[in-house]
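A quick write-up on the structure given underneath.
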Protein chains: 2
Amino acid sequence: MLSLQTLRDQQDGVFTPACPSRVVLDHVTSKWGVLVLAALADGTLRWGEVRRAVGGISEKMLASTLKTLEADGLVSRTAHPEVPPRVEYALTPLGEGLVEAMSPLLAWVAAHAEEIVSG
Amino acid sequence: MLSLQTLRDQQDGVFTPACPSRVVLDHVTSKWGVLVLAALADGTLRWGEVRRAVGGISEKMLASTLKTLEADGLVSRTAHPEVPPRVEYALTPLGEGLVEAMSPLLAWVAAHAEEIVSG
DNA sequence: CCGTATCCTCACAGATACTG
DNA sequence: CAGTATCTGTGAGGATACGG
């Protein structure tokens with residue numbers, strides 16, 4: 001099974017406290033990051049659509065989560081100069097790779113959530 | 001690609017605000033949860049070994065993280081009645097399944113961290 | 001419609017000290 | 001060795017109001 005030790009055998013010092021992977025892991029596994037990325041997996045969404053798709057996220061946290069993901073190069077933002085304004089968010093190729101890597105985790109959690117909370 | 005919508009098509013209401021999967025997702029993607037689980041993927045570890053394997057985690061957070069994971073049925077705790085005390089932690093079958101589902105994500109983050117932070 | 005700005009709070013998290 | 005106890009702060013996150 002893939003363990004921390006296995007990863008470190010392949011890549012020296014990975015996931016040690018000072019390693020950048022710790023920062024990326026924090027972004028990716030932030031409270032809302034996973035859900036926003038998964039929401040965009042279907043394709044481009046507008047701001048309000050992301051908000052509804054995720055559900056329960058405040059405007060402030062959506063803005064901040066999208067900014068972090070955009071700064072990380074995982075999500076792209078396209079503003080259309082119209083009235084009323086239209087802004088669209090989509091996964092970058094990098095973000096698509098990440099969502100694929102997250103998929104088994106999401107599927108597992110969806111499948112086992114009931115078992116765990118009732119357990 | 002696996003999206004929120006895809007998951008909801010298969011399982012009505014999953015990952016909506018009131019769904020238990022949100023709680024499980026929070027536990028699993030907590031700051032230290034991922035790293036502790038990955039550390040245990042190699043096999044049984046003693047308290048101090050987990051602490052060293054993860055790196056940078058305080059005693060308080062290790063205790064609290066292990067408790068949450070144990071309560072979720074993902075990690076088992078075995079206290080050996082010896083002096084000095086010896087306590088061992090291991091993944092349960094459920095936890096092993098979770099770690100397998102997390103593996104692609106960890107591998108992806110390890111592979112792309114540098115690329116992301118350097119922007 | 002798509003955000004910013006502001007204020008507030010509470011639980012996450014670190015540091016330190018101590019115990020069976 | 002394997003924790004618990006306590007104190008403290010920081011910032012993630014929510015609510016509300018407002019602006020382009």
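Numbers restart at 1 for each chain; the letters A, B, ... are given by sequence-line order, proteins then strands.
Closest to the A:Pro84 side chain, of the nucleotides C:dC1, D:dC1, D:dT4, is C:dC1. Distances from the side chain of B:Lys31 to the nucleotides C:dA13, C:dC2, D:dT4 place C:dA13 closest. Distances from the side chain of A:Tyr89 to the nucleotides D:dT4, C:dG14, C:dG3 place C:dG3 closest. Taking every side-chain heavy atom of B:Trp32 into account, C:dG14 is the closest of C:dG14, C:dG3, D:dT4. Which of C:dC1, D:dT4, C:dG3 sits closest to the side chain of A:Arg46 comes down to C:dC1.
Where A:Pro85 and A:Ser58 meet DNA chain D, the nucleotide closest to each residue was compared, and A:Ser58 sits on the side nearer the 5' end.
Here C:dC10 presents its P atom at 17 Å from CE of A:Met61, a figure rounded to the nearest Å. Between the C1' atom of D:dG13 and the CG atom of A:Leu66 lies a distance of 15 Å, rounded to the nearest Å. Between the CD atom of A:Glu49 and the C1' atom of C:dC2 there is a distance of 13 Å, given to the nearest Å. Atoms CD (B:Glu59) and P (C:dC12) sit 20 Å apart, rounded to a whole Å. D:dG13 atom C1' lies 16 Å from atom NE2 of A:His27, rounded to whole Å. The interatomic distance linking B:His80 (NE2) with C:dG20 (P) rounds to 23 Å, in whole Å. Whole-Å rounding puts the A:Leu62 CG to D:dG14 P distance at 11 Å. We find that CH2 of B:Trp47 is positioned 17 Å from P of C:dG20, with the value rounded to whole Å.
In plain terms, the two heavy atoms of B:Gly13 and B:Cys19 that are nearest each other are O-CB, 3.7 Å.
Contact annotation for A:Arg77: backbone-only contact, meaning every heavy-atom pair under 4.0 Å involves sugar-phosphate atoms and none involves a base. Counting any heavy atom pair closer than 4.0 Å across all strands shown, B:Lys60 reaches a base atom.
One finds a salt bridge joining B:Arg86 and B:Glu88 here, because a Lys/Arg side-chain nitrogen approaches an Asp/Glu carboxylate oxygen to under 4.0 Å.
Between B:Lys67 and D:dT4, a side-chain N or O to OP1/OP2 separation shorter than 4.0 Å is present.
For the pair B:Arg8 (side chain) and B:Val14 (backbone), a donor-acceptor distance under 3.5 Å is present. Within the 3.5 Å criterion, the main-chain N or O of B:Ile57 finds a donor-acceptor partner in the side chain of B:Arg51.
In this model, no donor atom of one side chain and acceptor atom of the other lie less than 3.5 Å apart for B:Thr65 and B:Thr68.
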